[in-house]
Amino acid sequence: MAIPSKPTGELLAVRDPEVEEREVDLLIIGGGMAACGAAFEAKKWSGDMKVLLVDKAAMERSGAVAQGLSAINTYIGENPIEDYVEMVRNDLMGITRDDLVYDVGRHVDDSVHLFEEWGLPCWKLSPEGKNIDGAKGLELGLLKDGAAPVRTGKWQIMINGESYKCIVAEAAKKALGEENILERVYLTKLLLDANKENTVAGACGFSVRDNKVFIIKAKSTLVACGGAVNIYMPRSQGEGKGRAWFPVWNSGSGYTLCMEAGAEMTMMENRFTPTRFKDGYGPVGAWFLLFKAKVQNGMGENYLLSDFTKAELEKYAPYGTAAVTPTCLRNHVMLAEMKEGRGPVFLDTPTALAALAAKLDKKELKHLESEAWEDFLDMTCGQANLWCANNIEPEKTMSEIMPTEPYLLGSHSGCCGVWCGGPMEDWVPDAYKTGYNRMTTVNGLFIAGDVVGASGHKFSSGSHAEGRIAIKAMCKYVGDNADYAPAPKESAQEVVDYLWQPVRLFLDNYEYTTTNDINPNYIKPSGFSMRLMKATNEYGAGWATYYQTNGTNLKILMEMFKVMHEDSFKLGAGDLHELLRAHEMRHRLWTVELHNRHMLFREESRYPGFYYRADFPNTDDENWFCFGNSKYDPASGEWTMIKKEYIKVIP
Ligand code: SFD
Ligand code: AMP
């Protein structure tokens, strides 16, 4: 007789979880940069309103800034805000929400000044033109008092940022009070109101430490759950599996929570396919901008200077011929080089460091070398490990760079996300208003950071500022709707049955086989994940096809998603982390399906280098210079695709 399998895992799930119900005025979902900004700012505007922040992880190291960062990529400083808007628009191939971008631009520096006040070391430029970092930088004064930052590009400043997230989270926690924060609770679904149409009444989810379901009623909810990672097969396989550039725990919850509730989405066809140090995912910004490293193809040539590259960029004028080449087109020319057989592409770190070393004394040179390592140790320590493992000394050996798998995000060099209102000010067109700044098309539902669409290049600082903007508007909304008593449509029993369905399916069936990973009655999240990522990689313009797809491929993929939706209710979970993975997979599926739905809708290639519609290989301004929007109807389950007019607000 076969021996029945046993549940495995550290925190085994039981059939009937405990249920805890709470009621608050303001609910913040997420604990990353935007949520920390919201938590900090809430203190100023919420008065006696009750605020609750719920993070799926521990705020001190949750979200994209978990490992720290080496630069703050958005600091306006001496620049006109209009220039920032223009940069963002050009980088995203012309179609952005100027009002949202401008709004971030006018507030972002205040967040950076707070970070420095809270203890984040920002590098300073000495009067002699030297870069002074760490505590010594402080001796040159504070940014807010006019001290000069070390600018790498027009918008970026250098920091010693290993503890960046700890510093920002500490301030958020202090402002809100630990008693108003739930950590390690994964909010899985928004609750719509039973009596008030198109209105959010809170959210539900579960703890990954206890067998406990949370049902949180709220008058207004902020979704700040970051972007979506592991929706495409990562290049890292085998030994390297698990590595990704963006944080693996951001599973598209921000997009899924909002779309499932019926919020209008925007530019979900956009993605970010970052160029990174191959295999270790080390960011390239500091190497290009601070160290001034140059690229080199397999023939030893700087292809950026070639007529071939020039001609490729001219195809995408005016963006391709702009003073700063958009991020997607930088990828495009790199991919074009590889497709011509002139790969791999290297970053010439030895020449760059040698050029800098020529101006330095011995001590300064040592410091420069440690900065080269620190850039990764502060932010992507796996890249530094990989250098060590391969005996790479950047001053002696070049490193390969390569576009990674695609990510969905709205705060870095991408702009997919949820449509929302801009500032309630005269200069903002009515078509860009929803009644409250950063409120979606669902009443009471607000967004910030990666979740906000059509306004990229906020980065860590801009996301923090946007959280602050959003919570201020939420406080006004709650004040204006003081009589509103949230009453979710779903009963507590319905919530538990939905959230715990993967556990019960597992418990009903696990004894049928000798190992609980293999069973005819359920699939595990890890297997489901492989299926999803294989399909998107092959049909949905992943790295397998040099990021190319076409209408036929996308339609095949949409059919595959239908089956995956059915099978997402066959996910089995024996312990609490597996339950988390099961619901994360549902969120990833919803998110990446919408991405593909949008790619199918937009019949042009707006972002060459991020992805290509090979059947429509050019940009088509005549037909597609507009936002690609979409809306899910929670009642009927139908999707509507919408072309929304682009309005240039800032000249
Ligand atoms: O080098 C739920 N980023 C960079 N920004 C910069 O300013 N400078 C840089 O140097 C940047 N670089 C960089 C960056 C990110 C990463 C990963 C690397 C390098 C390696 C980008 C910023 O970090 C990014 O723009 C912001 O962090 C975005 O902020 P926000 O708040 O939108 O997302 P988040 O910080 O990831 O936080 C998300 C939070 O949500 C939680 N969460 N909680 C409850 N329920 C759910 N269902 C949830 N789902 C998610 C998460 O736990 C987290 O707290 S470089 O490449 O350019
Ligand atoms: P990254 O490390 O690639 O995320 O980039 C960090 C910052 O530097 C972002 O603001 C990028 O837009 C910018 N950046 C990176 N590479 C380049 C480049 N080659 N030219 C101009 N800006 C760049």
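Position 1 is the first residue of the sequence, and the numbers go up from there. First listed ligand is number 1; within each ligand, the first listed atom is number 1.
For a threshold of 3.5 Å applied to N or O pairs, the pair formed by His412 and ligand 1 contains at least one separation below that value. Note: no N/O pair closer than 3.5 Å links Met379 and ligand 1 by distance alone. Taking any N or O of Gly449, backbone or side chain, none lies under 3.5 Å from an N or O belonging to ligand 1. Ligand 1 has no nitrogen or oxygen under 3.5 angstrom from a nitrogen or oxygen of Tyr186. Polar contact check, Gly31 against ligand 1: a nitrogen or oxygen pair lies under 3.5 Å apart. At a 3.5 angstrom cut-off on N or O pairs, His587 does not count as close to ligand 1. Close N/O approach between Ser461 and ligand 1 is not found [any backbone or side-chain N/O within under 3.5 Å]. Some N or O of Leu187 is nearer than 3.5 Å to an N or O of ligand 1, by distance alone.
Within the 4.5 Å cutoff, the side chain of Asp83 has heavy atoms near those of the Trp155 side chain. Leu191 is not listed as a side-chain neighbour of Thr221, based on a closest heavy-atom distance of 4.5 Å or more. Contact of the Met87 side chain with the His457 side chain is registered, since non-hydrogen atoms from C-beta on lie closer than 4.5 Å. Residues Arg89 and Val85 are in side-chain contact: their nearest non-hydrogen atoms beyond the backbone lie under 4.5 Å apart. Contact annotation: the side chain of Phe459 never approaches that of Val65 to less than 4.5 Å [non-hydrogen atoms, C-beta and beyond].
The protein non-hydrogen atom at the shortest distance from atom 33 (O) of ligand 1 is Gly226 CA, 3.5 Å. For atom 10 (O) of ligand 1, the nearest non-hydrogen atom of the protein is Ala71 O, 3.3 Å. For atom 52 (O) of ligand 1, the closest non-hydrogen atom of the protein is Asp55 OD1, 2.6 Å. Regarding atom 12 (N) of ligand 1, its nearest protein heavy-atom neighbour is Leu69 CD2, 3.7 Å. Ranking protein heavy atoms by distance to atom 17 (C) of ligand 1, first place goes to Ala64 O, 3.2 Å. Among all protein heavy atoms, the one lying closest to atom 24 (C) of ligand 1 is Ser411 OG, 3.5 Å. The protein non-hydrogen atom at the shortest distance from atom 15 (C) of ligand 1 is Phe246 CE1, 3.5 Å. Of the protein's heavy atoms, Lys56 N, 3.0 Å lies nearest to atom 43 (N) of ligand 1.
A salt bridge links Glu466 with Lys458: the closest approach of a Lys/Arg side-chain nitrogen to an acidic carboxylate oxygen falls below 4.0 angstrom. Salt bridge present: Glu584 and Lys56 bring a charged side-chain N and a carboxylate O closer than 4.0 Å. Glu312 and Lys310 are not joined by a salt bridge, as no carboxylate oxygen comes within less than 4.0 angstrom of a charged side-chain nitrogen. Between Lys173 and Glu183, at least one side-chain N (NZ, or NE/NH1/NH2) sits under 4.0 Å from a carboxylate O, which counts as a salt bridge.
Closest to atom 38 (C) of ligand 1 by heavy atom, among Ser251, Ala203, Cys225, Ala244, is Cys225.
For ligand 2, the 4.0 Å heavy-atom shell contains residues Asn73, Gln156, Arg276, Pro283, Val284, Gly285, Phe288, Leu289, Arg330, His412, His457, Phe459.
Residue Ala224 has at least one heavy-atom neighbour below 4.0 Å for each of these atoms of ligand 1: 38 (C), 39 (C), 40 (O). For ligand 1, the atoms sitting less than 4.0 Å from at least one non-hydrogen atom of Val54 are 43 (N), 44 (C), numbered in the order shown with element in parentheses. Close contacts of ligand 1 with Ile72, meaning ligand atoms under 4.0 Å from a residue heavy atom, involve 7 (O). Near Val65, the atoms of ligand 1 lying under 4.0 angstrom from a non-hydrogen atom of the residue are 23 (O), 27 (O). The Asp450 neighbourhood of ligand 1 comprises atoms 28 (C), 32 (O), 33 (O), with distances under 4.0 Å to a heavy atom of that residue. Proximity to Ser62 (heavy-atom distance under 4.0 Å) selects the following atoms of ligand 1: 52 (O), 53 (C), 54 (O). Close approach of ligand 1 to Ser460 (heavy-atom distance below 4.0 Å) involves ligand atoms 5 (N), 6 (C), 7 (O), 22 (C), 25 (O). Here is the list of ligand 1 atoms found below 4.0 Å of a heavy atom in Gly30: 40 (O), 41 (C), 43 (N).
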- [ ] Verify side-chain contact (heavy atoms from CB on, under 4.5 Å) between Ser399 and Lys278, making sure each step is shown before the conclusion.
- [x] CA-CA 8 Å; Ser399 286; Lys278 186 171 175 291; over 6 Å; no
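With a heavy-atom cut-off of 4.0 Å, Ala34 touches ligand 1 through backbone and side chain alike. Only the side chain of Arg276 comes within 4.0 Å of ligand 1, judged by heavy-atom distances. Proximity of Trp245 to ligand 1, defined as any heavy-atom pair under 4.0 Å, is shared by backbone and side chain alike.
Using a non-hydrogen distance threshold of 4.0 Å, Ser70 does not register as a contact of ligand 1. Remark: distances from the non-hydrogen atoms of Val185 to ligand 1 include one below 4.0 Å.
Neither side chain, Tyr232 nor Thr404, offers a donor N or O lying under 3.5 Å from an acceptor on the other. Thr591 and Thr256 share a donor-acceptor pair across their side chains, judged by distance under 3.5 Å alone. In summary, the side chains of His583 and Thr188 do not present any donor paired with an acceptor at a separation below 3.5 Å, with no hydrogens or angles considered.
Relative ring orientation between His412 and Phe272 is described as parallel, the plane-to-plane angle staying below 30° on a 0-90° scale split at 30° and 60°.
When each of Tyr281, Trp543, Tyr547 is paired with Glu405, the side-chain hydrogen bond (donor to acceptor under 3.5 Å, both in side chains) condition holds for Tyr281 and for no other. None of His464, Arg468, Lys472 except one satisfies the side-chain hydrogen bond (donor to acceptor under 3.5 Å, both in side chains) rule with Glu41; the exception is Arg468.
Taking the six-membered ring for Trp and the full ring otherwise, the centers of Tyr164 and Trp118 sit at least 6.0 Å from each other.
At least one cation-pi condition fails for Arg151 and Trp123: the charged atom is not both under 6.0 angstrom from the six-membered ring centre and inside a 45 degree cone around its axis. A cation-pi contact links Lys189 to Tyr498, judged by a cut-off of 6.0 Å to the six-membered ring centre and 45° from its axis.
Considering every non-hydrogen atom in both Phe206 and Leu576, the closest pair reads CE1-O, 4.3 Å. Looking at every heavy atom in both residues, Arg586 comes nearest to Pro502 through NH2-CG, 4.0 Å.
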